[in-house]
Amino acid sequence: FEPVFASLGRLLARRGRWDALYKVYEKELPLHSDEPAKCVELLYKMGELNEHKLGDERRAIDDYRRAIDLNPKHLPSLQALSHLLGRRAEYEELAEVLHAELAATEPEDARARIAYRLGETYELHLERPEDALKAFREALEADAHYRPALDGLARVSVQLSGWRELAEHFEGDAKRVADPNLSVGERLQAAILWRDRVNLPDRASTAYESIRAGDPLHLGALIGLTPLYRKAEKWAELAQVVAAEARATKDQGVRVGAL
């Protein structure tokens, strides 16, 4: 019977008789009860018909779910279902499907995108920042340079008052970025957080010194180090920093103040 159903299906599709085509698929489905892959293929087609031709999104969701029940790693059904749930703002169900899509996906770049979308769903729509944090981390495990996930991790860390984690994030990001100016900016951000939010002056000093390792006369790092070394009574280090700060600036007033 399969060739008959196939011919009839093509004829109905050419004529745009989508409801009749859906009924053909429904009748064909039981004939493949011992062929799970064929059933998955038919259910996916039925979902597409309901979603794109018949305008019945709820039945489309049911069809995609039935396909996924038979094959939890059927990516076309998972992707179609996640897209549909997102459009309908059904975010709890979307998060579940994104978890399944992530488990079924192997390419790292695709995993990063899916994990980021999961994190964004938790962050913006479900107000579950802890779960968002886990998802953003998973995205970065797949692609350490995926900028949206880096930014998402920073946002959620601040939301959770995770200043230590945010500082560590900036330090890690500084090692990953190729642009030296961006790297310096990330290290400066980390140093400020260690000093002002986490209250770990030694970590702040280390962050500032990591900038000086590449640029011994970096004025921002020198200015940041001066009060840290003075408060810690590290006089030898302070003397070196003050001398470097004097060399780093052409402004006589700043130079005299530094001395």
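Remember, predicted model here, so these are calculated numbers, not experimental data.
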Can you tell me if [X] uses its side chain to pair, donor with acceptor, with the backbone of [Y] under 3.5 Å?
X	Y	value
Thr226	Leu222	yes
Ser183	Pro180	no
Arg117	Ser82	yes

| What class does the angle between the rings of His99 and Tyr122 fall in, given that below 30° is parallel, 30 to 60° is tilted and above 60° is perpendicular? | tilted

| message | Take a 6.0 Å sphere around CD of Glu108 and say whether it holds more than 12 heavy atoms from other residues, nucleotides or ligands. | response | yes

Check ion pair [X]-[Y] (N to O, under 4.0 angstrom):
X	Y	answer
Glu28	Lys45	no
Glu138	Arg111	yes
Glu120	Arg155	no
Arg176	Asp143	no
Glu165	Arg137	yes

Is there a side-chain contact between [X] and [Y] (heavy atoms, below 4.5 Å)?
X	Y	value
Arg147	Val177	yes
Leu81	Ser77	no
Val241	Arg212	yes
Leu21	Arg15	no
Leu12	Trp18	no
Asn50	Asp63	yes
Ile192	Tyr208	yes
Gln189	Leu166	no

Enter the distance from [X]:[atom1] to [Y]:[atom2] here, rounded to the nearest 0.5 Å.
X	Y	atom1	atom2	result
Lys134	Leu118	NZ	CG	11.0 Å
Leu85	Glu57	CG	CD	9.5 Å
Tyr64	His83	OH	NE2	9.0 Å
Asp19	Leu54	CG	CG	6.0 Å
His125	Glu123	NE2	CD	9.5 Å
Leu29	Lys38	CG	NZ	10.5 Å

| request: Before giving the answer on side-chain contact (heavy atoms from CB on, under 4.5 Å), spell out for Leu200 and Arg164 the whole-Å C-alpha distance, their side-chain angles and the decisive distance to 0.1 Å. | output: CA-CA 10 Å; Leu200 286 178; Arg164 173 188 288 269; 3.6 Å; yes

| Which of these, Arg59, Lys53, Arg17, Lys27, sits in a side-chain contact (heavy atoms from CB on, under 4.5 Å) with Tyr22? | Arg59

Determine, using the 4.5 Å side-chain heavy-atom cutoff (strictly less than), whether [X] and [Y] are members of one ILVMFWY cluster.
X	Y	result
Leu98	Leu126	yes
Tyr146	Leu102	no
Leu133	Ile114	no
Leu42	Ile68	no

Of all the heavy-atom pairs spanning [X] and [Y], show the shortest one and how long it is.
X	Y	result
Ala167	Trp194	CB-CE2, 3.5 Å
Leu78	Ala100	CD2-CB, 3.8 Å
Ala248	Leu217	CB-O, 3.4 Å
Val156	Pro129	CG1-O, 3.2 Å
Tyr116	Pro148	CE1-O, 3.2 Å
Gly119	Ala132	O-CB, 3.4 Å

| query | Who pairs with Arg58 by side-chain contact (heavy atoms from CB on, under 4.5 Å), at least two apart in sequence or on another chain? | reply | Asp56, Ile61, Asp62, Arg88, Glu90

| task | Go through Leu43 and Leu70 one step at a time and tell me if the side-chain contact (heavy atoms from CB on, under 4.5 Å) criterion holds. | result | CA-CA 10 Å; Leu43 286 165; Leu70 290 174; 3.8 Å; yes

| Worked verdict on Glu51 versus Arg87 for side-chain contact (heavy atoms from CB on, under 4.5 Å) | CA-CA 12 Å; Glu51 180 181 3; Arg87 193 168 70 226; 3.5 Å; yes

| said: Does Phe136 form a side-chain contact (heavy atoms from CB on, under 4.5 Å) with His169? I'd like the steps, not just the answer. | reply: CA-CA 12 Å; Phe136 290 141; His169 154 71; over 6 Å; no

| Criterion salt bridge (charged side-chain N to carboxylate O under 4.0 Å, His left out) on Glu101 and Arg113, from CA distance to verdict | CA-CA 11 Å; Glu101 189 177 345; Arg113 290 193 299 272; over 6 Å; no

